[in-house]
Amino acid sequence: MSFVNLAFLVPLFPLIGSIINGFFGLKIGKDRVSWVACAGPVLSFVVTLILLVSIFFHPEGTPYPEQSLFTWISAGDFVVDFGLQIDPLSLVMMMVVTGVGSIIHIYSIGYMYKEYSYYRYFAYLNLFLFSMLLLVMGNNFLVMFIGWEGVGLCSYFLIGYYFEKKSACDAGVKAFIVNRIGDFAFLLAIFGIFKMFGTLDFSTVMAAAPTTLIYDSEAATLITLALFIGATGKSAQIPLYTWLPDAMEGPTPVSALIHAATMVTAGVYMVVRCSALFNMAPLTMMIIALVGGGTALFAATIGTCQYDIKRVLAYSTISQIGYMFLACGVGAYTAAIFHLVTHAFFKACLFLGAGSIIHGMNNEQDIRKMGGLKDHFPITYVTFVISTIAIAGIFPFSGFFSKDEILYHALMDGNVIYWGMGISGAFITAFYMFRLVFMTFHGPSHVDPQVHPHESPMAMTLPLIILAFLALIGGLLGIPLFHGWHLLHNFLAPVLAFDLETALHASERMLAEHGHHTSFAEVLHQAQRTSHNIWLEITLMLFSIGVALAGIATAWFFYIKKPELPGKLSKGQWGFDLVQNKYYIDELIDEALVKPIVKGSDLLWRQADARGVDGVVNGVAQTISLFSKIARSFQSGFVRNYAMFMVVGFIILLILI
């Protein structure tokens, strides 16, 4: 039996766990719920490892295997199979989802064990894992879309897990509605792709893209823009980012899994998966780079003024995903996936570390009420610092390699503006992340005397150790200084490399038929001519390290050396208030969009619905009632009345005659 036939087991195991815990969780008890919940992702991880090993024996130059489970839709020429694909890109995502997912499930046992709805939490978490795996394993746009909607639904469930709290319910609704905007655009893109290609299969669409789409055409631009709008919703980029900070109302392990390592990176994965389409739309690529770089810088500035430990990490997540889109915008797809992987390691560790602190501080999340906690949380402190160094981009931690590669491509394959946004965001990232470390773990204690900080149990600290180790060594997947050692680049090359000869012939045909001034051939030739300057790369590396160290030094000066200085400098400053209040974007959206929509809906309800629709329906009912009353008078049941009607009728008949 070919190992690819095992692929269906990867999403199946979490689905089985979700069904068992969802229907029987209260009856089987918390211990069995834990075993069932964790067995699903762990078994999926084992099967993914088997598939990963088997892919290395795949014959070079042949299509990667797909597993068609059944024919899902068959309507004339429109046939869609419910199929899965196993190629290097999907395997990288499967490893992240099942690997990090397994670690977070184990962590959740210690973090959530006292919850009454323990079984419900794990039923949702397993269902989310099933949906995410469906998203990354689907071999066509419709299967991806089912997973895409599934993770959005599960995110709504998990954000609103504490549904007794109005803030949690509101956050879940906000995430659901904002994502619907992006999902609508994604659906329009799917319609456009089917119209252009006559199919929704990834392999067929991507192979035909260079010959079917005209480079820089309206069709290519509109389809890819719609895809990217869908990605901005799911991956919380400008302007659809506002749901992610509020999503911190959910349990902290949810933030680690959904809002750091998996769902919010789905948009990045989708763009990389559709790279053949995006390569044909330079305007869209420029927009992606600008939005990604702008989000990376914008969200980082907000992170400098937040005091909720989870919200600092939430804005950090938005910022880091911006880097991934910046890489996609300049065509550095491998760099985007590289940062996606390393980010999953260090950001999941940071969120789980925050959860460990919250757990040991009686649910306190305000870092102004912390300080001096490093002795109370020795394991959490070490792992948190390792992951903070990684996200700051310090050599030799994983974040240095992945972020540095993005900055290099932003300058070499993009322009100095992209690089400027990225390097500025790197300085601010190092600053606000070490601000978080210094205010939480160092300095004088501001802990409430009623609170007794304590380290978390082994079920929570062991996942922290594993993730911190991965954050430390994850850079080995791709060392940009020695491109021959770039394991991830070599592994993904068969999926992301385009056929230059086919593209050249297609471009020449397009140029002859449509008279475009800029040919795809010129673009590809330019990409091939991009030279690798080793000394320039070393210089950029050293500069980025210097920028990160400057950010750390600034944070140390403000929060260790002169801790009173931030308060003095920020007091009464409108700029600080502006950033602390998140540039009033939520308030602006409320005034410009939400309130007019609510008022318009209220007006439609009162006028169109209550008076119009209800008026017509009630008017018909009243008319029928009136005629019924008249008719009822003729059917009184009294013989004298009937006799009178007969006499009156006879007299009228005589008069007429």
Side-chain angles (χ1 to χ4, degrees), residues 167 171 174 178 232 236-249 255 259 264 290-323 325-326 347 350 354 365-370 388 391-393 417 420-440 547-548 550-594:
S167 58
K174 183 176 182 179
V178 173
T232 61
Q237 298 293 285
I238 292 174
L240 302 179
Y241 72 92
T242 55
W243 66 270
L244 183 58
D246 291 351
M248 299 302 107
E249 290 287 343
S255 302
H259 307 127
V264 291
L290 289 173
V291 169
T295 304
L297 184 57
F298 178 79
T301 60
I302 299 178
T304 61
C305 299
Q306 299 300 304
Y307 295 106
D308 185 311
I309 188 171
K310 289 175 64 177
R311 283 184 178 266
V312 174
L313 297 177
Y315 282 106
S316 172
T317 298
I318 297 171
S319 178
Q320 295 303 307
I321 297 172
Y323 279 100
F325 279 112
L326 174 59
K347 185 53 66 61
L350 288 168
Q365 296 183 201
D366 192 333
I367 58 177
R368 290 171 295 187
K369 298 179 181 179
M370 299 180 187
T388 302
I391 194 175
I417 295 176
M421 289 189 292
I423 202 69
S424 300
F427 171 81
I428 300 173
T429 298
F431 170 77
Y432 72 73
M433 285 306 301
F434 272 89
R435 166 185 178 267
L436 179 62
V437 169
F438 294 145
M439 291 186 69
T440 304
V547 167
I552 296 171
T554 305
W556 175 84
F557 181 79
F558 277 107
Y559 296 98
I560 298 295
K561 182 71 173 178
K562 299 283 186 181
E564 73 284 353
L565 200 55
K568 292 180 180 179
L569 293 178
S570 60
K571 187 175 182 179
Q573 296 295 322
W574 69 269
F576 175 80
D577 293 336
L578 179 67
V579 178
Q580 188 179 35
N581 288 284
K582 302 162 287 185
Y583 297 98
Y584 297 100
I585 298 297
D586 284 290
E587 291 79 2
L588 180 62
I589 292 174
D590 282 343
E591 292 295 331
L593 294 176
V594 177

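In what follows, residues are counted from 1 in the order of the sequence shown.
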Any heavy-atom pair between the side chains of Met439 and Tyr307 that's under 4.5 Å? yes
One should read off an interatomic distance between Phe558 CZ and Phe438 CZ, to the nearest 0.5 angstrom, of 13.0 Å
Scanning both residues in full, the closest heavy-atom pair of Thr429 with Ala300 reads OG1-CB, 4.4 Å
Minimum heavy-atom distance between Gly293 and Met421, given as atom pair plus value: C-SD, 3.7 Å
Distance check, rounded to the nearest 0.5 Å: Thr301 atom OG1 versus Tyr315 atom OH? 9.5 Å
Between CD1 on residue Ile428 and OG on residue Ser319, distance to nearest 0.5 Å: 8.0 Å
Worked check of side chain to side chain contact (heavy atoms under 4.5 Å, CB included) between Trp556 and Phe434: CA-CA 8 Å; Trp556 175 84; Phe434 272 89; over 6 Å; no
Any side-chain heavy atom of Ser255 sitting closer than 4.5 Å to one from Leu313? no
Please find the pair of heavy atoms, one from Cys305 and one from Arg435, that lie closest to each other, and give the distance. C-NH2, 4.0 Å
Considering all heavy atoms, the nearest Gly425-Tyr323 contact: C-OH, 3.0 Å
How far apart are the closest heavy atoms of Ile318 and Ala299, and which atoms are they? CG2-CB, 3.7 Å
Is the closest side-chain heavy-atom distance between Thr317 and Leu244 below 4.5 Å? yes
Are Gln320 and Ile391 packed together at the side-chain level, in the sense that at least one heavy-atom pair is separated by less than 4.5 angstrom? yes
When you measure from the side chain of Ser316 to the backbone of Val312, do you find a donor-acceptor pair of N or O atoms at a distance under 3.5 Å? no
What I'd like to find out is whether the side chain of Ile367 reaches to under 4.5 Å of the side chain of Gln306, using heavy atoms alone. no
Should Asp586 and Lys174 count as side-chain neighbours, where that means a heavy-atom distance under 4.5 Å? yes
So do the side chains of Gln580 and Ile302 get within less than 4.5 Å of each other, counting heavy atoms only? no
Looking at NZ of Lys582 and CG of Leu588, how far apart are the two atoms once the value is rounded to the nearest 0.5 Å? 13.0 Å
Side-chain touch Val291/Phe325, heavy atoms, less than 4.5 angstrom: no
CG-CD distance between Asn581 and Glu587, expressed to the nearest 0.5 angstrom: 6.5 Å
Parallel, tilted or perpendicular: which describes the rings of Phe298 and Tyr241, with under 30° parallel and over 60° perpendicular? perpendicular
Rounded to the nearest 0.5 Å, what separation is found between the CZ atom of Phe427 and the CD1 atom of Ile552? 10.5 Å
Heavy-atom closest pair (Glu249 atom, Ala171 atom, distance to 0.1 Å) is CG-CB, 3.9 Å
Taking CG in Leu578 as the centre, count heavy atoms belonging to other residues, nucleotides or ligands within less than 6.0 Å. Is the count above 12? yes
